[in-house]
Number of protein chains: 2
Amino acid sequence: MSARPANPHLASDIISAAASIIEENGPEGLTMRDVADRVGYSPTTIYLYFKNKEQLLDETVNRAFEWFADWCEKAQTGPTPIDRLRQTAHAYLDWGLQNPGMYRLMFEWGYLGDISEEAIFARRRSWRGCRQLVEMGAEKGLLPLSLDSGLAADVMWVATHGLVSLAISGRMFGNPGVADPEVVHKRSHMIMDALVDGWLSDWASPGS
Amino acid sequence: MSARPANPHLASDIISAAASIIEENGPEGLTMRDVADRVGYSPTTIYLYFKNKEQLLDETVNRAFEWFADWCEKAQTGPTPIDRLRQTAHAYLDWGLQNPGMYRLMFEWGYLGDISEEAIFARRRSWRGCRQLVEMGAEKGLLPLSLDSGLAADVMWVATHGLVSLAISGRMFGNPGVADPEVVHKRSHMIMDALVDGWLSDWASPGS
DNA sequence: ACCGATAACTTAACACCGTTTAGTGAACAG
DNA sequence: CTGTTCACTAAACGGTGTTAAGTTATCGGT
């Protein structure tokens, strides 16, 4: 959000170029010089539109989170909150499997920079959607809920994130690193179903 | 595992130096020159003992996985498999919270390199321990298991990893990035208990 | 005692990275 | 015509992983 020159498309083009490079080479494979080449300007020009690499990545991530939340919301076509919860979970997984570079940047890249309150709020949009589904399911008695909805949403998110994280890192399924994409896809959706099944059964328990 | 000069302690010292730098500065903050400084040699000497940075990191990770598996096994003091499962889960979480830099390197760092079959087998030691606990719990009727034990272990591992991953990245708990360590510790152990509670209730379910 | 080989290590450089300094050239206001 | 501003760039700085080419010391053989 630094003061920018007039060219109104360039900032957006730079972000698009960064996003496509991230998908091709991963977050660690993104260089300012590559971004500049792709938009047809010199590397210094990037710094007229973004304070530094971190800010460029932050804004790229902000846009990716919007796209990600849209994707998850669009998947919710089922009649009951339970249906929509399962659909959301699988949509989340698919998004991660299809955009592994961006997913890693969004959820695993170092520690968070100095992003604004609005950006934080916007990034958590999909989490709020998840919590709403949990609350709707609990109200209708479809979800046996002994936890508050925020904790339940955290539990679901944590497990879903862990599945995506391991699946895209090639560290799962007996032979870590090998990871035929089709095998990973099939196995991870199977695990996703098992996770959702677990959420739908009773959460109440003896405790520790 | 490249052919190495005679100095028998140096390779191990280099790995130790790398490990401590990773804990101080994170994986992205590790420099070959820093490693060399810390062991008191020139940067080029490191390349006499390790082919490149990737191999140094691989061997550092191998050693960390041993330490990690020891830690998880030592925590299993309870009488029943269920007790030991919960203890293992919390031990896993604590290890991650206390060694965030190494944890990220072990589980989230780019794609896996060309590591040997033995190394892969060794790295999965803690996963096998988890699966054994699940099998013991199921045999004794303590764990209602409608899944095969490998899938059940994957489900548990995935959720536990997701919790650690989000907790150490500062992306959880309403205000991502802020993350007072004590708050993170308390909240993440609460989520861990909720996760374990879920595993102990019935896994059987309608499916999707 | 001397020679050559080898082993352990270092100096100096390479290409590349994020970033900054000091511009260039064109458009425009007076 | 002049001075200013604006969008952009060339060249450099310090830092990175890595390598080529030494340097120095030790040791076996004669």
Side-chain angles (χ1 to χ4, degrees), chain A residues 1-22 24-61 101 104-105 109-115, chain B residues 1-22 24-61 101 104-105 109-115:
Chain A
M1 305 290 181
S2 55
R4 284 175 177 161
N7 192 333
H9 297 303
L10 191 46
S12 169
D13 287 350
I14 292 169
I15 291 176
S16 297
S20 68
I21 292 173
I22 286 163
E24 287 167 32
N25 306 336
E28 61 278 328
L30 178 115
T31 69
M32 297 299 265
R33 285 170 171 85
D34 282 351
V35 173
D37 274 356
R38 193 157 300 202
V39 294
Y41 288 84
S42 78
T44 353
T45 297
I46 311 297
Y47 288 86
L48 301 176
Y49 291 82
F50 300 90
K51 195 180 146 225
N52 51 28
K53 188 178 185 179
E54 186 183 335
Q55 200 205 15
L56 169 58
L57 291 180
D58 274 346
E59 299 203 22
T60 307
V61 164
R104 285 199 291 138
L105 180 61
W109 206 244
Y111 294 91
L112 254 37
D114 287 329
I115 57 175
Chain B
M1 305 288 180
S2 55
R4 283 175 178 159
N7 190 334
H9 297 303
L10 191 46
S12 169
D13 287 350
I14 291 170
I15 291 176
S16 297
S20 67
I21 292 173
I22 285 163
E24 288 167 31
N25 305 337
E28 61 278 327
L30 179 115
T31 292
M32 296 300 264
R33 285 168 172 87
D34 283 350
V35 172
D37 274 356
R38 194 159 298 203
V39 294
Y41 288 84
S42 78
T44 28
T45 297
I46 310 298
Y47 288 86
L48 301 175
Y49 291 81
F50 299 89
K51 194 180 147 227
N52 51 28
K53 189 177 184 179
E54 184 182 337
Q55 199 204 15
L56 169 57
L57 291 180
D58 274 347
E59 298 204 21
T60 307
V61 164
R104 284 198 292 140
L105 180 61
W109 207 243
Y111 295 90
L112 252 38
D114 287 329
I115 58 176

Which residues pass the side-chain hydrogen bond (donor to acceptor under 3.5 Å, both in side chains) test with B:Arg38, not counting sequence neighbours?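 For B:Arg38, the residues satisfying side-chain hydrogen bond (donor to acceptor under 3.5 Å, both in side chains) (neighbours in sequence not counted) are B:Ser20, B:Glu24.
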How close or far is atom [atom2] of [N] from atom [atom1] of [X], stated in whole angstroms?
| X | N | atom1 | atom2 | result |
| --- | --- | --- | --- | --- |
| A:Phe50 | C:dT19 | CZ | P | 13 Å |
| A:Ile46 | C:dT20 | CD1 | P | 14 Å |
| A:Asn25 | C:dC17 | CG | C1' | 15 Å |
| B:Glu28 | C:dG18 | CD | C1' | 15 Å |
| A:Leu56 | C:dG18 | CG | P | 10 Å |
| B:Tyr49 | C:dA7 | OH | P | 13 Å |

Please report the shortest heavy-atom distance between A:Gly101 and A:Ile22, naming the atom on each side. C-CG2, 3.6 Å
Give the minimum heavy-atom separation between A:Ile21 and A:Gly29, together with the two atoms involved. CG2-O, 4.1 Å
side-chain contact (heavy atoms from CB on, under 4.5 Å) between A:Phe50 and A:Leu57: does it pass, once the steps are laid out? CA-CA 9 Å; A:Phe50 300 90; A:Leu57 291 180; over 6 Å; no
When you compare the side chains of A:Ser16 and A:Asp13, does any donor N or O come within less than 3.5 Å of an acceptor on the partner?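 Judged by distance alone, the side chains do not pair up.
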Check this one for me: any side-chain N or O of A:Ser42 less than 4.0 Å away from OP1 or OP2 of D:dT9?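 Yes, because at least one side-chain N or O of A:Ser42 sits under 4.0 Å from OP1 or OP2 of D:dT9.
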If only atom types and distance count, is the side chain of A:Thr60 paired as donor or acceptor with the main-chain N or O of A:Leu56 below 3.5 Å? yes
Pairs under 3.5 angstrom, nitrogen or oxygen only, protein versus nucleotides 16-21 of chain D, please.
residue : atom : partner : partner atom : Å
D:dT16  : OP1  : B:Thr31 : OG1          : 3.3
D:dG17  : OP1  : B:Leu30 : O            : 3.4
D:dG17  : OP1  : B:Met32 : N            : 3.1
D:dG17  : OP1  : B:Lys53 : NZ           : 3.0
D:dG17  : OP2  : B:Met32 : N            : 3.1
D:dG17  : N7   : B:Arg33 : NH1          : 2.7
D:dG17  : O6   : B:Arg33 : NH2          : 3.2
D:dT18  : OP2  : B:Tyr47 : OH           : 2.8
D:dT18  : OP2  : B:Lys53 : N            : 2.8
D:dT18  : O5'  : B:Tyr47 : OH           : 3.3

